[in-house]
Amino acid sequence: MKRNDLFAAGISGFLSLATAPLLTLADVAQNMRGQAIYETRCVSCHHLTLRGSAHGSELTGSAFTTRWGNRTTLDLLRYNLANMPPGESKSLRKTEHLDVVAYILSKNGRDPQDAALALDTPLIIASGAPEGTEGGPAGAAAEPEALDSWAAVDTIDEIARSRSSFTNRTIDRLKPVTDETLRRPLPGDWLHWRRTADGQGYSPLEQINRQTVGHLKLAWVIAMRDGSNQVTPLVYDGIMYLTNPGNIIQAVDARTGDLIWEYAYPYPPESRTLGGPLRNIAIYGDKLYMSTYDAALVAVDARTGQLVWRAVKADYREGYTHTAGPIVGAGVILSGINGCERYKKNGCFVTGHNAETGEELWRTSTIALSGDPNDASWGGLAEAFRAGSDTWIAGSYDPDLNLFYIGTAQAKPWVAASRQMSVGDAALYTNSTLAIDPTDGRIVWHFQHVPGETIDMEVGYERVLVDLDGEKFLFTVGKDGILWKLDRRTGQFVGYAETIYQNIFDAIDAETGKVRYRQDIVDAEVGDTISACPGIYGGHNWQASAYSPETRSLLIPLHQLCADMVGRSVDLVPGGGGFGGDSRSYEMPGANGNLGKLVAFDVDTMKARWTHEQRAMLMTSVLTTAGGLAFVGDLDRYFKAFDVATGTLLWQTRLGAPTHGYPITYSVEGKQYLAVPTGMGVFRALTAAISPDIYQPANGQALYVFELPEAD
């Protein structure tokens, strides 16, 4: 077998560990699993050949046997559990460490066909005999001192960047987060994805305001892990819970930036998609809740960073994954799922989980199946080939109505003809707002924004809940740039507005909200090119809007881009499907080189109050505050503050990388802070091509935190 084949087999074995027995590993491929882990986690210090380096001892040959030959496999395992990888020893399970030991021994002459190493059967490393037999010691030997080998110098730089001696600490003063705490968070806290369960992205803090914003200075900054940095920090009682790409949560002193603890979820590498965005986590009681790349939901102790429970929602090997985290409603952990573009048995769904135990309480399909009253909306397509309706973004919750609101994406493949349907087949519950009872998962009402969607114009983003003069409304914007206003009690259409130039719809009924495609879009077959404004990146995308109660305005970040879309044939077989389309993006006509647009819409009149346009695309959500400010960041590394009433630019600062993710503001001990993440993600595939004049570093993932200077 070739080495690459061995590595692939090792990866496969590693990924199966989630179902392996804990106490015995009777798997002949154990050493190959160990090789996969070694090549991922150990080579930077110990080299691919195991020959060692300046910061990692030799793991083969006489140096290794002199040091370890008379000791046992259990001794080596214990040593690795305590020390390896440096600073991250708890990131590997005990069985994974044992696999690495097996691989090391196989490189030192042990026959890989021998019985697998077991946790309860120590072997003498030199002879392979059981502990206590002739030729080896009886009982565990003392663990050797951790010394570095100076056999080579070619990996010193990589090693130096990866080594850490940080030790987790405990938060002693944490008060449990209650339903009432979530409903009415203190002004200085940021407890939900958009601060409050209504999704408004608004803070009542006003220390940083129109008069003081010009004096902002850097308070602290923390580097973050590589990956698509679309994170939302949470802040509770002076502690920031910061998610990193890589399913990592850090507890940080929100005043100083000091790290308190870090939790790294061990996920199979192939389960990470789209650069690994992790848009949000939730907090409730004394726990943090995170959706993982490998389609699980985990609870972590907010005091210690220790795992409390793990609940598997789906099989990641079928493509299931997460890009957004859960929210809490009625004491239930509410979350959707992604990875539904290919044909599979169970399709996409939303779940509710018990906050204390992780038990799944209910599961609601976001695709109408047989027995559902909207089954016929799929035009007779077999259930096995109904794909899409992902939930890319966390939802919102109304505690008075006890309704959880979440948006679904379009049907897959993108183009109706590719999925052997027409735009006349609505394909419920795709491209819809769903109002769900969080206690039982029942869909109370739904509103489908674009039935039979066919050019990747999903409406699956934030749901902003706003009360106006005693009435309850829901606002949302999709890629097409249409702003929708619904009655959130009933789902009844109230109104709409076109926030950006669009040529997709010939008409939108002002009474019902029903849209009508251009005729060439209706008639498009597989292989036909469809031109659309906005294009597949929006219009609007994951960069969330924010509400300003003082001006009764919704501030929406937009991209002035169009695209050509070509639908492709897909295999109508299990595992087939996919997106099924090719596209090319280009500047929107009339944009005059300005790809970024920020617009403030009056939520009463559904008319624009003001508009700001600029060359650089806006790459963060909007943050609004009682200080009369709207904050947003862009591709050109600027973080900006606008007057929420007029759109006047009041302040800006340039950071080390493009701003990205969800800015927040919070206070500690009476002082207000402002935080924004930086670092790119999959949008770089677009921005590098469409904005080559703007420097876009490939790294720079970090969180920048600003403060006002102390008064004299």
Side-chain angles (χ1 to χ4, degrees), residues 87-88 161 163-175 177 181 185-191 195 203-208 212-213 215-225 229 231-246 248-264 278 280-281 283 286 288 300-306 620 623 625 627 631 633 639 641 651 653-657 659-679 700-712:
E88 299 181 338
R161 286 185 280 117
R163 182 160 287 198
S164 170
S165 60
F166 179 80
T167 301
N168 282 352
R169 293 176 285 135
T170 298
I171 300 167
D172 296 322
R173 56 182 173 82
L174 185 85
K175 299 177 182 178
V177 175
T181 310
L186 293 174
D189 289 339
W190 194 283
L191 297 186
R195 185 179 176 272
S203 169
L205 297 178
E206 53 186 355
Q207 197 175 84
I208 300 171
T212 62
V213 67
H215 302 293
L216 283 172
K217 66 184 184 71
L218 188 65
W220 55 268
V221 63
I222 188 170
M224 298 177 66
R225 304 300 173 93
N229 202 14
V231 303
T232 311
L234 299 184
V235 177
Y236 177 52
D237 195 19
I239 304 299
M240 175 182 289
Y241 296 102
L242 177 63
T243 55
N244 280 242
I248 292 168
I249 305 174
Q250 295 173 324
V252 179
D253 186 317
R255 184 177 58 86
T256 64
D258 289 338
L259 184 63
I260 301 170
W261 58 252
E262 178 178 288
Y263 169 74
L278 180 59
N280 70 287
I281 55 175
I283 185 169
D286 59 357
L288 301 166
V300 176
D301 190 313
R303 296 183 177 91
T304 66
Q306 296 295 310
T620 74
L623 161 66
T625 74
F631 293 93
F639 188 40
W651 170 84
T653 187
R654 205 171 203 187
L655 306 178
T659 54
H660 214 238
Y662 300 87
I664 70 166
T665 188
Y666 61 92
S667 67
V668 182
E669 298 176 354
K671 184 170 187 175
Q672 184 179 355
Y673 297 85
L674 176 70
V676 62
T678 61
Q701 283 77 358
L703 184 80
Y704 289 80
V705 178
F706 297 89
E707 65 181 358
L708 293 172
E710 298 292 340
D712 294 333

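Excluded from the calculations below are hydrogen atoms, water molecules and symmetry mates; all remaining heavy atoms, backbone and side chain alike, are included. These numbers come from a predicted model, not from an experiment.
- Pairing each heavy atom of Thr678 with each of Gly700, the nearest pair is OG1-O, 2.7 Å.
- Between Arg195 and Pro187 the shortest heavy-atom distance is NH2-CA, 3.4 Å.
- At least one donor-acceptor pair under 3.5 Å links the side chain of Thr256 to the backbone N or O of Asp258.
- Put simply, CG on Leu218 and OG1 on Thr653 are 8.0 Å apart, with the number rounded to the nearest 0.5 Å.
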Start with the C-alpha distance between Ile222 and Leu242, add both sets of side-chain angles, then the distance that settles side-chain contact (heavy atoms from CB on, under 4.5 Å), and finish with yes or no. CA-CA 10 Å; Ile222 188 170; Leu242 177 63; 3.9 Å; yes

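- With no hydrogens or angles considered, no side-chain donor-acceptor pair links Asn168 and Glu262 at under 3.5 Å.
- Put simply, CG on Asp189 and OG1 on Thr181 are 9.0 Å apart, with the number rounded to the nearest 0.5 Å.
- Side-chain contact between Arg225 and Gln701 is absent, with no heavy-atom pair separated by less than 4.5 Å.
- With no hydrogens or angles considered, a side-chain donor-acceptor pair links Gln672 and Thr665 at under 3.5 Å.
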Steps toward side-chain contact (heavy atoms from CB on, under 4.5 Å) verdict (Thr620, Tyr662): CA-CA 6 Å; Thr620 74; Tyr662 300 87; over 6 Å; no

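- Trp220 and Asp253 make their closest contact through CZ2-O, 4.1 Å (heavy atoms, listed as atom of the first residue, atom of the second, distance).
- Between the side chain of Trp261 and the backbone N or O of Ile171, no donor-acceptor pair lies under 3.5 Å.
- With a 4.5 Å cut-off on side-chain heavy atoms, Phe639 and Phe631 count as touching.
- Two rings, from Phe706 and Trp651, have their centers less than 6.0 Å apart.
- Here CZ of Arg654 is found 11.0 Å from OG1 of Thr659. Values are rounded to the nearest 0.5 Å.
- Counting only heavy atoms from C-beta outward, the side chains of Ile260 and Thr170 never approach each other to under 4.5 Å.
- Comment: Arg303 engages Asp286 in a salt bridge, judged by a side-chain N to carboxylate O separation of less than 4.0 angstrom.
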Between Asn244 and Gln250, is the side-chain contact (heavy atoms from CB on, under 4.5 Å) condition met? List the steps. CA-CA 8 Å; Asn244 280 242; Gln250 295 173 324; 3.2 Å; yes

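- The distance from atom CG of Asn280 to atom OG1 of Thr232, rounded to the nearest 0.5 Å, is 6.0 Å.
- Under a 3.5 Å cut-off, the side chain of Gln207 and the backbone N or O of Gly670 do form a donor-acceptor pair.
- Within the 4.5 Å cutoff, no side-chain heavy atoms of Arg169 are placed close to those of Leu259.
- Of the options Arg173, Lys175, Arg255, a salt bridge (Lys or Arg N to Asp or Glu O under 4.0 Å) to Asp237 is made by Arg173 and by none of the others.
- In this structure, OG1 in Thr625 is found 13.5 Å from CD1 in Ile664, a value given to the nearest 0.5 Å.
- Residue Pro677 comes nearest to Leu703 through the heavy atom pair N-CD1, 3.7 Å, listed as atom of the first residue, atom of the second, then distance.
- Here the CG atom belonging to Leu288 is positioned 5.0 Å from the CD1 atom belonging to Ile283, to the nearest 0.5 angstrom.
- Side chain of His660 to backbone of Asn229: a donor-acceptor contact under 3.5 angstrom is found.
- Residue Ala641 comes nearest to Val213 through the heavy atom pair CB-CG2, 3.8 Å, listed as atom of the first residue, atom of the second, then distance.
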Passes side-chain contact (heavy atoms from CB on, under 4.5 Å), Leu708 versus Leu216? Steps please. CA-CA 5 Å; Leu708 293 172; Leu216 283 172; 3.8 Å; yes

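- Under the 3.5 Å distance criterion, the side-chain polar atoms of Tyr666 are left unmatched by any main-chain donor or acceptor of Tyr236.
- At least one donor-acceptor pair closer than 3.5 Å links the side chain of Tyr241 to the backbone N or O of Ala302.
- Between Val300 and Ile249, the shortest heavy-atom distance links the atoms CG2-CD1, 4.5 Å.
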